[in-house]
Amino acid sequence: MEESRQLVARVRGLTKSYGATSVLKGVDFSVARGEVHALLGGNGAGKSTMIRIITGLAGKDGGDIEFRNTAGNRLSDAEGRSKVAVVHQELALLQHLTVAENIVLPRFPNGLRLFDRKRSWRQAHEALAIIDREFADSSLHELVGDLSLHQGQMVEIARALSSGAELILLDEPTANLTALETERLFQVLRRLTRENGLAIVFVSHRMKEIRQIADVCTIIRDGRTVVDRVSTESLSDAAIIERMGQITTRQAEVGGAAHPEPRNAVASGDDTLVIRDADVEITLAPGMILGVAGAPVGPESLISALVGAAKARRWTVARAGWPQAFTSPRQAARSGLGFITGDRAHKGILGDLPIIDNVMASRRILRRGVFTSGRERVECLDLVEALKIKAASIWDLPDTLSGGTQQKLLLARWLGLPSRLLVLEEPTRGVDIGTKKEIYQLIRQMAASGTIIVWWSTENAELLEVCDRVVAFDTQGRCAGVIEKQDLSEDALANMTGMAA
Ligand SMILES: Nc1ncnc2c1ncn2[C@@H]1O[C@H](COP(=O)(O)OP(=O)(O)OP(=O)(O)O)[C@@H](O)[C@H]1O
């Protein structure tokens, strides 16, 4: 790595503990102007903690962080931080303000009183249009509280890109974006680094994206830097996974002894599910894994119909022995429906309840409260082990866990249960590369025992790897067709979803 590149921030020997848990044990990290720098590591390695400390959201116990200007001089912490923008894993938007207000707010640290409304609105529109012009045209004056998760993500990214920052930290920014939006984001990142000399730090668990965008990488493992600012090209995928302390892909394929065995699904009589709208009819036999691809508006309507949510009139779901409508989530679960929401923070995690309650929630519903706490603890610990959930105790609250680890709690809730239908919205969001492979295997096992799986993902590589067929939606939300396994490819998905670059 040529040393002439100017460092914009440099972290040395950073340490941080939460109570008895030592999270950062001496992290080194340096990022230079003009580079996209991938910050890599397994779930719970310490990436977000370091980002929070760099931005001043959390304090450090020890170590040094220095920010430098273009002349190479050290800045005060306050000055340095004023040139940093961040997109956190969980959205940090102000729900009661409009899209435009949220985007321009960082430029008015003392409030929106003294700002030039017209000019600011124009800047907000420009920033948002970088990613999606149509959305920018229609949404500027909408309240952020009325947006979907996916739209909120675009606003959050636009805010960081237009903030005038010299260092932008993006903590899994593509998790809710479509392939086309991700490509547009990458084009902007390339331009900002190459033409404007910005420094971008990019956290991702998607190998393909890391390869596409990152010049250099740093790998953190268990709170320590194990790879310090190395060219991404010089490391193979297997080497990256190994340095993160995870088994390689090949090992994952032959491994898997510790997985819980799903019991037989409630598969009797005609368990075939038929879903149809005006354009398409899809028949799903027990054991099938149906992928769902495309801009969110289409998949959302299909999933709303499948899980019995309101406003799903467009689709009909026909199946022998299945209630015409669910009267409650409890009844849906007892009828054999499992569901993992894509909105982890608001609809998935039970924030006030400990890890064990989060993991056991669906089992408790299915068993109608008949359980022994001793048995529950053993089951919970088995699931924690199978999914490599990194937690000090199953009695801790979920907010002490990293983002990807929280996602694993949602997965644990349904894994191994005898569901007839399991609907998954972006189920591996934020989950580290090594564990993803194990999750694919566990879901395949559930399918093998008779569960129908519906899997919505914005990560095409995942759909290709896991699904038997994929239903694709175009950008207007219309069903564009169904692609069978033998015809599945990145190109086929891009063409059918209208996302060919
Ligand atoms: N408030 C807290 N109290 C206790 N432990 C915490 C707290 N916040 C974070 N941790 C622990 O710190 C460790 C590092 O978490 P962090 O969120 O930095 O990981 P990460 O590398 O960003 O993971 P991911 O890829 O899942 O986002 C985790 O083991 C987590 O449980």
Side-chain angles (χ1 to χ4, degrees), residues 256 258-267 271 273 284 286-292 303-304 306-309 322 326 328-350 353 355-369 371 375-376 378-389 394 398 401 404-431 435-457 462 466-467:
H259 303 327
E261 279 298 320
R263 287 175 294 280
N264 279 338
V266 190
D271 256 1
L273 185 68
L284 294 170
M288 173 160 286
I289 304 181
L290 174 73
V292 184
I303 286 177
S304 296
L306 285 171
V307 303
W322 192 266
F326 298 118
S328 67
R330 179 185 300 259
Q331 186 227 3
R334 287 185 182 155
S335 303
L337 172 70
F339 175 46
I340 297 181
T341 173
D343 192 352
R344 177 169 76 212
H346 299 106
K347 297 182 189 156
I349 289 294
L350 307 166
L353 297 175
I355 291 168
I356 183 168
D357 290 347
N358 271 276
V359 169
M360 301 308 290
S362 346
R363 284 169 168 77
R364 286 181 186 166
I365 290 170
L366 296 190
R367 289 175 192 157
R368 296 169 197 264
F371 57 84
R375 176 183 159 195
E376 262 208 327
V378 172
E379 259 189 301
C380 179
L381 287 169
D382 280 350
L383 286 161
V384 162
E385 196 187 322
L387 287 174
K388 300 192 177 70
I389 290 173
I394 55 174
L401 303 179
T405 310
Q406 290 184 25
Q407 187 68 27
K408 291 180 187 176
L409 293 191
L410 299 189
L411 283 155
R413 199 178 280 172
W414 290 103
L415 273 182
L417 283 178
S419 304
R420 291 174 170 178
L421 169 65
L422 181 61
V423 179
L424 308 168
E425 284 182 342
E426 204 82 272
T428 62
R429 179 181 157 212
V431 171
T435 320
K436 261 189 208 176
K437 298 279 175 188
E438 307 234 340
I439 288 166
Y440 299 160
Q441 192 60 28
L442 289 166
I443 298 286
R444 279 195 204 102
Q445 281 180 19
M446 286 187 72
S449 73
T451 302
I452 296 170
I453 310 284
V454 174
W455 186 307
W456 175 20
S457 176
E462 178 163 284
V466 180
C467 298

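Each residue takes its place number in the sequence, starting with 1.
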Review point. Does Glu376 come within less than 4.0 Å of Arg364, counting only side-chain N to carboxylate O?
Key: yes
Study note, to complete from the structure: Arg429 meets the salt bridge (charged side-chain N to carboxylate O under 4.0 Å, His left out) criterion, sequence neighbours left out, with Glu90
Review point. Do Leu424 and Trp414 pass the side chain to side chain contact (heavy atoms under 4.5 Å, CB included) test, and can you show the C-alpha distance, the side-chain angles, and the key distance before you say yes or no?
Key: CA-CA 10 Å; Leu424 308 168; Trp414 290 103; over 6 Å; no
Exercise for review: Could you check if a side-chain atom of Leu417 sits within less than 4.5 angstrom of a side-chain atom of Ser362, using non-hydrogen atoms only?
Suggested key: yes
Practice item. Tell me, please, which residues at least two apart from Gln406 pass side-chain hydrogen bond (donor to acceptor under 3.5 Å, both in side chains). Key: none
Check your understanding: Got a sec, which residues hit side-chain hydrogen bond (donor to acceptor under 3.5 Å, both in side chains) with Trp456, two or more places apart in sequence or on another chain?
Key -> none
Review point. Minimum heavy-atom separation for Ile355 to Leu409, with atom names?
Key: CG2-CD2, 3.7 Å
Review point. Do Gln441 and Arg444 get their side chains close enough for a donor-acceptor pair, meaning under 3.5 Å?
Key: yes
Practice item. Decide yes or no for Glu438 and Leu387: does some side-chain heavy atom of the first lie under 4.5 Å from some side-chain heavy atom of the second? Key: no
**Study point:** Heavy-atom closest pair, residues Val466 and Ile289
**Key:** O-CD1, 3.7 Å
Check your understanding: Which value, rounded to the nearest 0.5 Å, describes the distance between Ile389 atom CD1 and Leu401 atom CG?
Key -> 8.0 Å
Practice item. Could you pull out the closest heavy-atom pair between Ala361 and Leu350, with the gap in Å? Key: CB-CD1, 4.3 Å
Study note, to complete from the structure: Taken to the nearest 0.5 Å, the spacing of Ile349 CD1 from Gln407 CD works out to 8.0 Å
Check your understanding: Can you check whether Ile394 reaches Val359 side chain to side chain, under 4.5 Å on heavy atoms?
Key -> no
Check your understanding: Between Ile453 and Ala447, what is the shortest heavy-atom contact and its length?
Key -> CG1-CB, 4.0 Å
**Study point:** Passing candidate, side-chain hydrogen bond (donor to acceptor under 3.5 Å, both in side chains) with Thr428, options Lys408, Lys437, Glu462
**Key:** Glu462
Practice item. Could you tell me whether a side-chain N or O of Arg334 sits under 3.5 Å from a main-chain N or O of Ile365, the two making a donor and an acceptor? Key: yes
Point to revise | Non-hydrogen atoms of Ile340 and Leu410 that approach each other most closely | key: CD1-O, 3.6 Å
Study note, to complete from the structure: Correct closest heavy-atom pair for Ser335 and Arg420 would be O-CD, 3.5 Å
